[in-house]
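Each chain gets a letter, A, B and so on, in the order its sequence line appears, and its residues count up from 1. Side chains are part of it too, since the values below use all heavy atoms of this structure and drop only hydrogens, waters and symmetry mates.
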Amino acid sequence: MYRWFLSLRYLRARRTNWIGAAGITVAVAALILILSIMSGFLQESRDHLRGNLGDLIVMPNQDYPLSDGLLPKTDEASLMEIVRANPHVRGASMQMAWYGMLVPDSKSSLLKHPVFGDLSLIHLVGIDVPDEYGASDLRENMKPTEDSSSFQVIPVTDPQRPFDPPPFYRPDGAPKSGIILGAQLAAAWNLHPGDEVELFSLGVDPITRSIEGQGCNRTFVVTGTFRSGENDMDMERVYVDRRALADMLGRTTAWSQILIKLHDYEADKVAAVSTLRSSLAEGRFVHPPSGNDESDYFRTEVRTWEDLRGNLLGAIKNEKSLMGIMLSLVMVVAGFTVFAILSMMVSEKRRDIGILTALGAHPSGVMSLFLMIGCWQAFLGASLGALLGVLGAVHIDAIETSLSNTFGIQIFDRSIYLFDHIPSVVEVTGVALIVLGAVTCTLIFAAFPAWRAARLNPIDALRFE
Amino acid sequence: MANSSDTSNANGTPGPDVILSGLGIRRSFPVGERSLEILHGVDLELGRGQRVSLMGASGAGKTTLLNILGLLDRPTEGEVWLDGQSAWSLTTQERARLRNASIGFVFQFYHLLAELNALENTLLPAMIALPHVAYRNKREEYETKAVSMLKRFGLGDRLKHRPGQLSGGEQQRVAIARALLLDPPLIIADEPTGNLDSSTGERVLELLFEEQETRRTALLLVTHDHRLAQRCERMVHMEDGLIQADSSHTMPT
């Protein structure tokens, strides 16, 4: 009984104990806050990195023959049939992807004073409209935005016919086909619906399969913009009608990849990838897996969007774990504080320890008395820290705003990430782990001084006043 | 050595009338590579209810003997029997419990816990003796006992005072109340008045003797004061780690 009673008394009697608890509070709160924000970033970034990618993407490799020496088949209808027959697939869309350059018409001042980097390569994507809406988030990303970002979406007039020129468009000659630009690209060139742009590209000789300086170009009319949230995509991608693109490039095969939406991505992704691989290989559209993981280049013919963005997602995950590790060092520092405070207390209470032993306390009792003081500090610090951390993570946006207003500087520039708020996701298991870790860490650091207290010789402790 | 071993049984186990018995106690401490022997084989036996004074010059080994008899220190050789149990054949747990139940310590420097008030200091042995729930059940009983004892000692209006707010005499009276709380059969007092002025010391001593007499508790009193030793029924004199004289006499009234 005296352990409880005395540990509380000692805790209250020494103000330094609150410093120990405060150290743990700061460590726990900081860990929860940072990891919540990193989780938020990860989640938000996943949404953004995904951009207009679907769940899966099929990119058959036409450069290598199959085992019988023939190239993979390219027949659109039977390929889509195989894909749509897969039970996991909800929607699929055929795309034609190519590269080119975009030049606005002469009214753009940028053309007269080009800035380095402005005339960069553009990712041309030819799509079929109702299919594409079912396989990617493009339809969502073409809706007007509601935030204060400088990259506002300008919606197309009729989403069901997005490549039809806007009604106010008065062509000089023959009516042009429509083009949808990434919001950042449109903003950079100051392009609006009705403006004409010229696409330049290189065609491929259908027989020699080589680029022989067959330059091609065509004028398109801007019909609207999209914003996926993924920086590169919004800066570099344009959508045109698939047939129009194939026509411009003079291709016979009017597709290069298939975008697929699954019914339940998280649950089915592994099964969907493997069933699609085998059924497409059976249909002679992709290469069968060789079984050798190291050299199996052809495995990449059916991929998830995460495979495509693996590096970036991995980087954020790495950052999160690195932050966790670094902030755990704060916890260790807090542990050292507890260690120092308890060691001081043990030295200071030598006489008390001697008295308790004389009155019949067992060394293990003395040890648990001091451990309990560490326990109280851990408990107080961890619970207060968890409370502050969770509150901070939930209200981080308001906190950042008021701090920014008070000090007159912008701490978090939302437009950089295209976030309208600071993302933060409080993970219950994460919080529980942090609290558990804090308590364990504190107890480990408290154990040594407590053990020293238990080993104290009562005679030495009682000898002198 | 008139009193030693005449109450012991043939096999060396002290009889039921003996509360404390030290048999052939030697204690040496390592000093560098050699060891220095402080006690050279001390036999001392205390009967129940006996009031014994232990005198001797500084360095005679009084404190060492007291620590051994109080089960705080282990003799290099010899045995300590307390209340019918051989102290060093017990586990540390059992020995701690024995010390808690059977010995009340009164120290020269009071040794109260600064964070606890007078009443809480008095209750400390009971808190150590009992686990949480058991203590809560008996708390009122102990509190009543402690309060009545402290009132009897003239500390009725000092119950909630911390040791720092009490005078030396008051602190020592709290220490005596603490030593008596669990009604141990033995009180070990190490110069209980050594740190008090003579009139305060006298009053504290009166109190200690009075309680000892009414409770028939054995008392081992270490003192430098010859007059004080005279007031004990038996005087033990130590010199150079041995008992030099052990005399009983009738108490002056």
Side-chain angles (χ1 to χ4, degrees), chain A residues 1-18 341-342 344-373 375-377 379 450-465, chain B residues 27 29 63-64 66-68 70-74 91-117 120-121 123-139 142 162 175 178-179 181-182 184 188 190 194-195:
Chain A
M1 148 69 198
Y2 68 102
R3 298 177 204 108
W4 276 84
F5 179 70
L6 275 180
S7 64
L8 282 172
R9 269 306 156 84
Y10 284 167
L11 188 76
R12 274 198 348 220
R14 290 280 168 276
R15 243 171 249 151
T16 45
N17 285 325
W18 305 130
I341 289 167
L342 274 182
M344 236 167 65
M345 184 177 262
V346 169
S347 303
E348 204 176 293
K349 297 289 176 199
R350 275 169 69 92
R351 201 178 56 112
D352 288 22
I353 295 164
I355 295 166
L356 289 171
T357 314
L359 294 182
H362 190 259
S364 68
V366 172
M367 175 151 176
S368 51
L369 163 62
F370 284 93
L371 262 184
M372 219 175 255
I373 296 170
C375 238
W376 286 120
Q377 293 186 15
F379 176 75
W451 178 74
R452 212 171 53 112
R455 299 228 330 160
L456 207 62
N457 188 340
I459 299 166
D460 295 337
L462 284 171
R463 188 169 290 155
F464 299 110
E465 178 70 331
Chain B
R27 181 70 170 105
F29 295 94
T63 309
T64 309
L66 211 63
N67 285 334
I68 288 172
L71 312 187
L72 291 172
D73 192 15
R74 181 170 199 161
T91 64
T92 46
Q93 197 87 50
E94 289 167 332
R95 193 163 46 251
R97 212 170 291 141
L98 181 65
R99 194 162 49 223
N100 176 253
S102 306
I103 309 176
F105 283 98
V106 180
F107 303 97
Q108 181 180 358
F109 297 105
Y110 334 127
H111 285 342
L112 301 175
L113 298 196
E115 272 79 21
L116 310 188
N117 64 33
E120 289 160 345
N121 262 298
L123 288 167
L124 201 54
M127 294 188 197
I128 290 173
L130 298 171
H132 201 71
V133 179
Y135 179 77
R136 210 169 43 197
N137 291 339
K138 298 188 95 177
R139 187 180 158 168
Y142 280 120
R162 297 276 175 92
R178 179 180 69 184
L181 182 79
L182 297 181
I188 292 180
D190 187 2
N195 213 32

Counting only non-hydrogen atoms closer than 4.5 Å, does B/Leu71 touch chain A with its backbone (N, CA, C, O), its side chain (CB onward), both, or neither?
neither
Shortest non-hydrogen contact between B/Pro125 and B/Leu181, atoms and distance:
CD-CD2, 4.3 Å
Does any part of the side chain of A/Leu6, heavy atoms only, come nearer than 4.5 Å to the side chain of A/Asp352, both counted from C-beta?
no
Which one wins on heavy-atom pair count under 4.5 Å against chain A: B/Arg136, B/Arg97, B/Arg99?
B/Arg99
Identify which part of B/Arg178 has an atom lying under 4.5 Å from any heavy atom of chain A, answering side chain, backbone, both or neither.
side chain
Need one label for B/Gln108: side chain, backbone, both or neither, based on atoms under 4.5 Å from any heavy atom in chain A.
neither
Taking side chain as C-beta onward, heavy atoms only, is A/Leu359 less than 4.5 Å from A/Tyr2?
no
Is the closest basic N to carboxylate O distance between B/Glu115 and B/Arg162 below 4.0 Å?
no
Sidechain N-carboxylate O distance under 4.0 Å for A/Arg9, B/Glu120
yes
Residue pair B/Phe109 / A/Arg351: nearest heavy atoms and the distance that separates them:
O-NH1, 4.2 Å
Engaged part of B/Leu130 at the chain A interface, taking heavy atoms whose separation is under 4.5 Å
backbone
Is chain B contacted by the side chain of A/Ile355, its backbone, both, or neither, given a heavy-atom distance below 4.5 Å?
side chain
Please state whether the side chain, the backbone, both or neither of B/Asn67 comes within less than 4.5 Å of a heavy atom of chain A.
side chain
Examine whether an atom of A/Leu356 lies under 4.5 Å from a heavy atom of chain B, and if so say whether it belongs to the side chain, the backbone or both; otherwise answer neither.
both
